[in-house]
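Working notes for the structure below.
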Amino acid sequence: MAYIDYEYYSETFGGALVPKDEFNALSRAASDVIDALISRPFDDPSADFVLRAAAYQTEMLYLHGSEDAEAGITIALGGFNEKIGDYSIGNNRLNTGASRIKSVGGIPVSAVTVSLLRKNGYMSRLARVSV
């Protein structure tokens, strides 16, 4: 079950990035990622920090390719490089930033989500989030 719905995301959180037609699947996946990160169940799953963590994680999954992010393959992508003769063009945005993106099993995790969970005592320092 997703921690947030589109109404919370768009109206309370103020999100506009994730399209409504992709939101339900991504928010469920974001909630699953959060459940994998926490060291104990939430005392109150409707607490403000839980809802914000879910919104940030939903946006992170969307920004990293939606279904590809859910499958854990976006971290491995190296952008693109094209070469024609002596001319080349490339986008290594994902490649250069990949070492800075937190992930669990290749699934990108929002740094804000991790911070909110840690700050509120739901994620131990030993949790397996790689950078």
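Since the model is a prediction, treat every value here as computed from it, not as a measurement.
Here the shortest heavy-atom pairing between Met123 and Arg118 reads O-CG, 3.4 Å. The nearest pair of heavy atoms linking Asn120 to Arg40 is O-NH2, 4.3 Å. The heavy-atom pair separating Thr58 from Ala30 by the smallest distance is OG1-CB, 3.4 Å.
Atom CG of residue Asp35 and atom CE of residue Met1 lie 10.5 Å apart, to the nearest 0.5 angstrom. Expressed to the nearest 0.5 Å, how far OG of Ser115 lies from CZ of Arg52 amounts to 11.0 Å.
By the 4.5 Å heavy-atom criterion applied to side chains, Met60 and Thr113 are not counted as neighbours. Using a 4.5 Å cut-off on side-chain heavy atoms (C-beta onward), Glu22 and Tyr62 make contact. Using a 4.5 Å cut-off on side-chain heavy atoms (C-beta onward), Phe42 and Leu117 make contact.
Under the 3.5 Å distance criterion, the side-chain polar atoms of Ser31 are matched with a main-chain donor or acceptor of Tyr3.
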- List the steps, then state whether side chain to side chain contact (heavy atoms under 4.5 Å, CB included) holds for Tyr122 with Asp43. CA-CA 10 Å; Tyr122 285 92; Asp43 294 330; 3.0 Å; yes

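The side chain to side chain contact (heavy atoms under 4.5 Å, CB included) test applied to Val33 returns Leu37, Gln57, Ile107, Val109, not counting sequence neighbours. In this structure Ala55 satisfies the side chain to side chain contact (heavy atoms under 4.5 Å, CB included) test together with Ile4, Tyr8, Tyr9, Phe13, sequence neighbours excluded.
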